[in-house]
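To start, the structure under review is shown below, and the notes come after it.
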Amino acid sequence: MQARVVCLSFSDGARGREVGQLVSSRLGYRLIDEGIVWRAAQEAGLERHAVADAERRKSLLARLLEGAAASSAAGAPAFGLPALPDDVRTERDDLRGLITTAIEETAAEGNCVIVAHAASLALARREDVLRVLVTASPETRCARLADERGLDERAAAKLLEESDAGRAAYLRRFYGMRAELPTAYDLVLNTDRIDPELAAALIVEAAGRRDETRSEG
């Protein structure tokens, strides 16, 4: 395939951002991360920080879904969830539309690597998109976070747990995804043993583009 857009999702500690930077450099594509938030803010006439805060904020819907999941995991039936107020539904739908529109407009311009923001899901129907997930085992990710941020093992594990919960809530809230499946992606890379350089080379190969860095070597 010839991918004009690479969407790269990752979990904390998987070194996904580093992989994204390498892929962007090797393909000669723009690297888009917080630029999506900025574009969404411009579309809505908002300050950039307002959209970024809203994206990270846990809505009432997310809290209700998390409660239902916890009840189900504990063996209790998750019934009787109250109806959502109209303003909460509207806020969620408006925010999703804002971010999705910004992602779609960026993808339409082509030649970009979009990091995070669940772009793989937003662009699932486009034929010119390569959807990539960069992950690693919890143990590896925890060790990396501890090393990168100067944390002890317990603090790193807590940070990782919070990060994973936030990511899961975002996918549920905006895309109704109760569990992240590998089938949502074209390529899944485990960086336990695959370093960022090799991961980037595999992505470039899958994107159908010539990797100038490797060919020159």
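- Residues Glu18 and Glu197 form no side-chain contact, since every pair of their non-hydrogen atoms from C-beta on lies 4.5 Å or further apart.
- At least one donor-acceptor pair under 3.5 Å links the side chain of Thr106 to the backbone N or O of Ala102.
- To the nearest 0.5 Å, the span separating SG on Cys142 from CG on Asp12 amounts to 11.5 Å.
- Here Tyr185 contributes atom OH and Ser9 contributes atom OG; the two are 4.0 Å apart, rounded to the nearest 0.5 Å.
- Annotation: side-chain hydrogen bond (donor to acceptor under 3.5 Å, both in side chains) contacts involving residues 144-159, sequence neighbours excluded, comprise Arg144-Thr191, Lys158-Glu162.
- Looking at heavy atoms from C-beta onward, Leu189 lies out of side-chain contact with Phe10 at the 4.5 angstrom threshold.
- Under a 4.0 Å N-O distance rule, the pair Arg167/Glu180 qualifies as a salt bridge.
- No continuous path of ILVMFWY side-chain contacts below 4.5 Å connects Val132 to Val188, so the two sit in separate hydrophobic clusters.
- Arg30 places none of its side-chain heavy atoms less than 4.5 Å from the side chain of Val113.
- Among all heavy-atom pairs drawn from Ala3 and Tyr29, the shortest one is O-OH, 2.9 Å.
- In this structure, Arg141 pairs ionically with Asp164, as a charged nitrogen and a carboxylate oxygen lie closer than 4.0 Å.
- For the pair Leu31/Val115, a side-chain contact is recorded, criterion being any heavy-atom separation below 4.5 Å from C-beta on.
- Side-chain atoms of Asp128 do not come within 3.5 Å of backbone N or O of Arg4 as any donor-acceptor pair.
- The distance from atom CG of Leu22 to atom CG of Leu198, rounded to the nearest 0.5 Å, is 11.0 Å.
- Residue Leu121 holds its CG atom at 9.0 Å from SG of Cys7, rounded to the nearest 0.5 Å.
- Of all non-hydrogen atoms in Cys112 and Ile32, the two that sit nearest each other are CB-CG1, 4.0 Å.
- Heavy-atom minimum distance, Leu8 versus Gly16: CD2-O, 3.6 Å.
- Separation of atoms CG (Leu187) and CD1 (Ile203) is listed at 6.0 Å; rounding is to 0.5 Å.
- Glu161 CD: 12 or fewer foreign heavy atoms inside a 6.0 Å radius.
- Side-chain contact between Leu123 and Ile114 is present, with at least one heavy-atom pair separated by less than 4.5 Å.
- When hydrophobic clusters are built by joining Ile, Leu, Val, Met, Phe, Trp and Tyr residues whose side-chain heavy atoms come closer than 4.5 Å, directly or via intermediates, Met177 is not grouped with Leu133.
- Taking both residues in full, the closest heavy atoms of Tyr175 and Thr100 are given as OH-OG1, 3.9 Å, listed atom of the first, atom of the second, then distance.
- When all heavy atoms of Val5 and Gly110 are compared, the closest pair comes out as CG2-CA, 4.3 Å.
- Nearest approach of Ile194 to Ala199, heavy atoms of both residues: CG2-N, 3.6 Å.
- Of the inter-residue distances, the one linking Asp186 atom CG with Leu130 atom CG reads 5.5 Å to the nearest 0.5 angstrom.
- At distances below 3.5 Å, at least one donor-acceptor pair connects side-chain atoms of Asp192 with backbone N or O atoms of Ser137.
- A donor and an acceptor atom, one from each side chain of Asn190 and Thr135, are nowhere located under 3.5 Å apart.
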